[in-house]
Amino acid sequence: MTGTEGRDIAVGIDPAGGWLLPLAWAADEAHRSNVRLRLVLAVPSPHDTEHVVDDTAQHNALRQASSEALEEAAVWARERHPGTELATVLRDGYPAPVLCGTSRHARMVVLGSRHLTRPEEIFSGCSVVLPVTAQAHCPVVVVEGSEGIAQSPPHLVVGVDGSESSKTAMALAFQEASLRGCELHAISVWQPPVFSFQNETAAVGAQRRMLTETAAGWAHEYPDVKLSDDGVGVADGGRRSGLRNLAERAEARGGGLSVSPRPAGVGTRLGWRIPIKPTQ
């Protein structure tokens with residue numbers, strides 16, 4: 001994943017069915033973002049290389065069935081969001097390489113899940129999710145079910161480890177949270193090493209700083225997104241720290257917390273403001 005510079009949201013269509021949930025998610029996202037929705041369906045080419053077999057008729061029949069499935073999906077998407085620009089792509093080839101190629105010019109690729117087992121995902125020639133998520137040039141969304149909206153307030157979750165790819169994920173998470181008007185929970189999972197010369201308190205502090213610094217610039221760019229930080233795995237009721245704790249302490253005293261990058265992009269500035277009562 002390298003970013004979201006593309007214009008289209010591409011969604012893979014499975015001619016065998018099961019495209020309704022990922023297509024609904026992709027259509028809603030395209031409508032919300034005001035971008036084009038591109039439906040992509042790949043038709044595997046004849047692959048019998050050991051025998052001379054004329055399977056042209058079989059391939060043509062498969063292509064015709066795929067074309068009909070693609071048109072059915074397009075009609076459904078147009079009815080869901082009539083004002084969204086829509087395009088369809090029918091290509092010969094295996095789904096994973098076709099979708100990876102599409103991802104070069106896409107803002108996002110959306111896939112459904114066929115609920116394959118782990119060995120099937122790794123070794124099966126029909127695996128799509130694993131190779132596309134590993135090789136795509138844009139963010140990939142895998143839709144296994146309808147969005148969970150029972151949470152109050154609704155929120156997105158982003159995992160952060162300090163890598164460049166997690167910084168890209170943080171940027172996308174802020175963008176999506178802003179579009180959806182929901183909170184963003186940033187999480188960093190950390191496990192103390194068995195042997196380490198570093199003090200555990202210092203190590204945890206480093207994790208917290210990494211989490212705060214990764215979010216800082218985006219929190220400044222998206223002030224409408226409420227960001228919470230529970231990245232150290234402390235159970236409810238235990239001692240907490242991080243952005244959420246600082247914000248709650250400030251709000252309890254009638255103040256607030258601001259997070260912004262320092263000049264020249266060196267480090268992060270946290271602003272913790274509370275009113276001071278005059279002394280008697």
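Since the structure is predicted, the reported quantities are computational estimates derived from the model, not experimental observations.
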Rounded at 0.5 Å granularity, tell me how far [atom1] in [X] sits from [atom2] in [Y].
| X | Y | atom1 | atom2 | result |
| --- | --- | --- | --- | --- |
| Leu99 | Arg104 | CG | CZ | 13.5 Å |
| Met108 | Ser33 | CE | OG | 7.0 Å |
| Leu172 | Arg107 | CG | CZ | 8.5 Å |
| Thr133 | Gln135 | OG1 | CD | 9.0 Å |
| Leu184 | Lys226 | CG | NZ | 12.0 Å |
| Leu179 | Tyr222 | CG | OH | 7.5 Å |

[X]: what forms a side chain to side chain contact (heavy atoms under 4.5 Å, CB included) with it, not counting sequence neighbours?
| X | answer |
| --- | --- |
| Ala73 | Ile13, Trp19, Leu23, Leu39 |
| Leu62 | Val43, Pro44, Ser66 |
| Ser67 | Leu90 |
| Asn34 | none |

Q.
Holding to side-chain hydrogen bond (donor to acceptor under 3.5 Å, both in side chains), I want the full list of residues that pass it with Glu176, two or more places apart in sequence or in another chain.
A.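 Glu176 satisfies side-chain hydrogen bond (donor to acceptor under 3.5 Å, both in side chains) with Arg180 once adjacent residues are dropped.
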Q: Examine Leu20 and Leu70 and state if one hydrophobic cluster contains both, with Ile, Leu, Val, Met, Phe, Trp and Tyr joined whenever side-chain heavy atoms are less than 4.5 Å apart.
A: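 Yes, same cluster.
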Between [X] and [Y], what is the shortest heavy-atom contact and its length?
| X | Y | answer |
| --- | --- | --- |
| Ala215 | Leu227 | CB-CD2, 3.5 Å |
| Cys182 | Val225 | O-CG1, 4.2 Å |
| Val129 | Gly112 | CG2-O, 3.7 Å |
| Ala26 | Val11 | CB-CB, 3.8 Å |
| Ala106 | Ala10 | CB-CB, 4.4 Å |
| Met170 | Ala186 | CE-CB, 4.0 Å |

(Q) Checking side-chain contact (heavy atoms from CB on, under 4.5 Å) between Thr102 and each of Val40, Val89, Val132, which is the one that passes? (A)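 Single side-chain contact (heavy atoms from CB on, under 4.5 Å) partner of Thr102 among Val40, Val89, Val132: Val40.
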Q. Counting only N and O atoms by type, is there a donor-acceptor contact under 3.5 Å from the side chain of Asp14 to the main-chain atoms of Ala16?
A.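 Yes: the side chain of Asp14 pairs with the backbone of Ala16.
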Q. Does His137 offer a backbone N or O that forms a donor-acceptor pair with the side chain of Ser103 under 3.5 Å?
A.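 Judged by distance alone, yes, a pair lies under 3.5 Å.
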Q: With the side chain counted from C-beta on, respond yes when Val158 and Phe174 share a heavy-atom pair under 4.5 Å apart, and no when they do not.
A: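 In short, these two side chains do not touch, never coming nearer than 4.5 Å.
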Q | Qualifying salt bridge (Lys or Arg N to Asp or Glu O under 4.0 Å) pairs, either residue in residues 61-87, two or more places apart | A |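 The answer is Arg7-Glu85, Asp28-Arg80, Arg36-Glu85, Arg63-Asp92.
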